S.K.: 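Sending over a structure as structure tokens; questions will come in a sec.
Values reported hereafter were calculated over all heavy atoms of this structure, with side chains retained and with hydrogens, waters and symmetry mates removed. Order of the sequence lines fixes the chain letters, A, B, ..., with proteins taken first and strands second; residue numbering starts at 1 for each chain. Every value quoted in this text rests on a predicted model; they were computed, and no experiment measured them.
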There are 2 protein chains.
Amino acid sequence: MKPNHSWQSIQAEIIRRISERIWVPGELVPKETDLAKEFAVSRGTINRAMRELANAGLIDRKRKAGTRVALNPVRKATLDIPVIRLDVENRGVSHKHMVLMQKIVPAPALITGKLGLATGTRMLHLRTLHFAGNQPFLYEKRWVNQTAVPDILDVDFSQISANEWLVQNAPLTTGDISFSATNASKDEAETLGAKIGEALFLIDRSTWIGTMAVTNARLAYAPGFQMHTSL
Amino acid sequence: MKPNHSWQSIQAEIIRRISERIWVPGELVPKETDLAKEFAVSRGTINRAMRELANAGLIDRKRKAGTRVALNPVRKATLDIPVIRLDVENRGVSHKHMVLMQKIVPAPALITGKLGLATGTRMLHLRTLHFAGNQPFLYEKRWVNQTAVPDILDVDFSQISANEWLVQNAPLTTGDISFSATNASKDEAETLGAKIGEALFLIDRSTWIGTMAVTNARLAYAPGFQMHTSL
DNA sequence: AAGTGGTCTAGACCACACC
DNA sequence: GTGTGGTCTAGACCACTTC
């Protein structure tokens with residue numbers, strides 16, 4: 001039989017019923033077999049349409065208890081975190097980077113704590129300034145666990161940034177990200193061409209492969225930076 | 001026949017092959033029918049496992065051209081944007097809010113521009129201070145298009161915050177969000193109990209129902225705020 | 001115990017991209 | 001034209017939850 005409805009059109013109709021309050025928050029909605037009859041499709045198609053809405057937090061589904069419209073719909077914003085070079089190039093300007101510091105030293109407790117490593121672990125420390133065109137764009141302070149990615153010790157970071165090397169050579173890490181705001185320190189202000197105390201957008205990211213800590217990066221963006229997405 | 005593999009275990013195995021570089025970035029991976037044979041499952045199960053990886057940006061799939069491991073895996077971070085009250089309560093403290101200003105005036109061009117409304121449109125303007133426990137948490141400056149949600153004019157905002165009323169009564173909006181950092185103005189500093197110039201985390205959100213602009217909110221968080229998520 | 005969603009199957013047709 | 005992924009079907013069994 002030829003389908004009269006695609007899963008996407010059914011999903012759109014369900015969204016319409018929720019947004020127009022035909023189905024009210026907290027209310028039980030018809031079960032899959034009933035909806036399958038109504039739309040004259042198979043249950044699998046209904047399931048496909050509803051599953052994504054459940055993942056998105058719009059509806060709550062429980063076996064036996066049925067499906068209800070979520071009382072407190074949690075909006076989810078998806079942020080793409082590309083390689084810094086591509087992020088810059090997508091803005092229509094060229095990217096270059098400059099390594100300001102590269103050394104292997106015992107990491108501060110703040111870093112080993114975040115990564116769950118023993119205090120005093122010797123790690124590779126890098127400070128890199130990324131440019132968008134001729135403007136400083138991003139000041140990256142990174143600590144890398146040599147044990148997790150020993151090959152990194154042979155990399156020439158004037159050719160490829162640590163960020164890009166890690167994405168290509170340690171893909172599929174898990175991690176935490178936090179976003180915040182900070183006043184520029186003297187070091188940050190001078191490096192980024194900002195004023196001391198100017199508000200900077202900050203990303204702090206720690207990544208692991210399985211349970212092995214790989215790296216922590218503190219990314220301070222030049223003043224005026226905005227991270228943008230849609231809902 | 002009883003399945004030997006769930007789609008999740010197959011997905012995990014595919015991820016393993018990519019992360020251990022058994023399948024190299026840019027390389028063509030076996031087609032669905034071949035993988036179905038290998039894992040002794042039906043093609044639908046393979047498709048389910050791969051579809052989510054394609055959505056996540058890990059692989060690129062094209063009809064006829066086949067499936068390839070993505071060259072530049074874009075990490076996607078998902079941010080949950082809950083109602084402010086729940087955001088606060090999830091931190092283990094009580095929430096209350098205080099309406100500092102409520103008036104209907106012609107909106108500034110900055111706002112009408114963002115929302116695509118005629119300059120000088122009269123809109124409902126609200127300034128609300130949200131507390132986490134007894135600490136100022138978030139200073140919200142909001143503009144609401146009365147035409148889109150006329151019922152909002154009857155709402156008592158001392159009982160329910162505009163944020164929460166809109167989530168419940170104008171759900172499923174589309175919108176833009178931007179995240180940035182700003183130095184606290186005198187007004188913001190006094191309201192949030194911060195110092196003038198202190199770095200504040202800022203969210204600017206505009207939402208629409210279809211093509212009808214609903215609201216713009218500028219959320220300035222108290223110093224020290226972090227937005228956190230995992231990869 | 002019983003009802004609901006979660007998953008899987010084997011097959012089919014279609015849409016798109018490459019030829 | 002041809003090959004690949006995208007989708008749908010009709011049916012089945014299972015897992016979880018509530019009763």
Side-chain angles (χ1 to χ4, degrees), chain A residues 1-18 23-71 73-74 76, chain B residues 1-15 17-18 23-74 76:
Chain A
M1 189 190 293
K2 201 172 172 183
N4 288 323
H5 296 285
S6 67
W7 69 266
Q8 296 172 65
S9 70
I10 291 170
Q11 190 179 68
E13 170 62 13
I14 292 170
I15 289 175
R16 189 187 70 81
R17 290 184 186 181
I18 296 175
W23 290 346
V24 181
E27 184 184 308
L28 205 56
V29 315
K31 59 188 176 215
E32 295 192 343
T33 50
D34 289 350
L35 289 172
K37 271 181 222 154
E38 181 193 336
F39 291 104
V41 297
S42 73
R43 184 166 80 93
T45 304
I46 299 293
N47 185 275
R48 172 83 187 269
M50 308 266 280
R51 186 170 58 228
E52 306 206 343
L53 297 179
N55 286 339
L58 211 68
I59 56 180
D60 293 323
R61 320 194 76 194
K62 270 195 286 197
R63 283 158 158 144
K64 166 72 178 176
T67 300
R68 291 174 185 279
V69 180
L71 281 170
V74 175
K76 304 212 173 181
Chain B
M1 189 188 295
K2 202 173 173 184
N4 288 324
H5 296 284
S6 67
W7 69 267
Q8 297 172 62
S9 70
I10 291 170
Q11 190 178 69
E13 169 63 12
I14 291 170
I15 289 174
R17 291 186 185 180
I18 296 175
W23 291 345
V24 184
E27 184 185 309
L28 205 57
V29 313
K31 59 190 177 211
E32 294 191 345
T33 49
D34 289 349
L35 288 172
K37 272 182 223 154
E38 180 193 334
F39 290 104
V41 296
S42 73
R43 185 165 80 93
T45 304
I46 299 292
N47 185 275
R48 172 84 187 269
M50 307 267 280
R51 186 171 57 228
E52 305 205 345
L53 297 179
N55 286 339
L58 210 66
I59 55 180
D60 292 323
R61 319 193 78 195
K62 269 194 285 197
R63 284 157 154 139
K64 166 73 178 175
T67 299
R68 292 173 185 279
V69 179
L71 280 171
N72 287 108
V74 175
K76 304 210 172 175

S.K.: If you pin A:Gly44 and B:Glu32 to their nearest nucleotides in DNA chain D, which one's is more 5'?
M.R.: B:Glu32

S.K.: Distance check, rounded to the nearest 0.5 Å: B:Arg68 atom CZ versus B:Asp60 atom CG?
M.R.: 9.5 Å

S.K.: Is A:Gly66 touching bases, backbone alone, or none of the nucleic acid, heavy atoms closer than 4.0 Å?
M.R.: sugar-phosphate

S.K.: Can you check the A:Met50 CE to C:dG6 P distance for me, whole Å?
M.R.: 9 Å

S.K.: Would you say a side-chain N or O of B:Arg48 is under 4.0 Å from OP1 or OP2 of C:dT7?
M.R.: yes

S.K.: Measure distances between side-chain N and O atoms of B:Arg63 and base N and O atoms of C:dA17, and say whether any donor-acceptor pair falls under 3.5 Å.
M.R.: no

S.K.: If you find the nucleotide of DNA chain C closest to A:Lys62 and the one closest to B:Arg43, which residue's nucleotide is nearer the 5' end?
M.R.: A:Lys62

S.K.: Could you tell me the separation between the NZ atom of A:Lys64 and the C1' atom of C:dG5, rounded to a whole number of Å?
M.R.: 12 Å

S.K.: So if I take every side-chain heavy atom of A:Lys31 and compare against C:dG5, D:dT17, D:dG6, which nucleotide ends up nearest?
M.R.: C:dG5

S.K.: Quick one: does any side-chain atom of B:Arg61 pair with a main-chain N or O of B:Thr67 as donor and acceptor, under 3.5 Å?
M.R.: no

S.K.: So do B:Val41 and B:Ile46 actually touch side chain to side chain, heavy atoms under 4.5 Å?
M.R.: yes

S.K.: For B:Arg17, is there an ion pair with B:Glu38 - N to carboxylate O distance below 4.0 angstrom?
M.R.: yes

S.K.: If you measure from CD on A:Gln11 to CZ on A:Arg51, what distance do you get to the nearest 0.5 Å?
M.R.: 10.5 Å

S.K.: Distance check, rounded to the nearest 0.5 Å: A:Ile59 atom CD1 versus A:Ile15 atom CD1?
M.R.: 9.5 Å

S.K.: Report the nucleotide, chosen from D:dT9, D:dG6, C:dC8, that has the shortest atom-to-atom distance to any side-chain atom of B:Ser6.
M.R.: C:dC8

S.K.: From CG of B:Asp60 over to P of D:dG6, roughly how many Å is that when rounded to an integer?
M.R.: 11 Å

S.K.: Measure the distance from CG on B:Leu28 to C1' on C:dC18 and round it to the nearest whole Å.
M.R.: 13 Å

S.K.: Ignoring backbone atoms, test whether A:Asn47 places a side-chain nitrogen or oxygen under 4.0 Å from the OP1 or OP2 oxygen of C:dG6.
M.R.: yes

S.K.: Separation of A:Phe39 atom CZ from D:dT7 atom P, in whole Å?
M.R.: 18 Å

S.K.: Rounding to an integer number of Å, can you tell me how far A:Gln11 CD sits from D:dT7 P?
M.R.: 11 Å

S.K.: Check the distance between C:dG6's C1' and A:Ile59's CD1 and give it to me in whole angstrom.
M.R.: 13 Å

S.K.: For D:dT7 and A:Thr45 - does any side-chain N or O of the residue sit under 4.0 Å from the phosphate oxygens OP1/OP2?
M.R.: no

S.K.: Look at the side-chain N and O atoms of A:Thr67 and state whether any lies under 4.0 Å from the OP1 or OP2 oxygen of C:dG5.
M.R.: yes

S.K.: Nearest heavy atom decides the nucleotide; on that basis, is B:Thr33 or A:Ile46 closer to the 5' end of DNA chain D?
M.R.: B:Thr33

S.K.: Could you give the CG-to-P distance, from A:Leu35 to C:dG6, as a whole number of Å?
M.R.: 13 Å

S.K.: Check whether any side-chain nitrogen or oxygen of B:Arg61 sits under 4.0 Å from OP1 or OP2 of D:dG6, and answer yes or no.
M.R.: yes

S.K.: Within the pair B:Gln8 and C:dG6, is there a side-chain N or O less than 4.0 Å away from OP1 or OP2?
M.R.: no

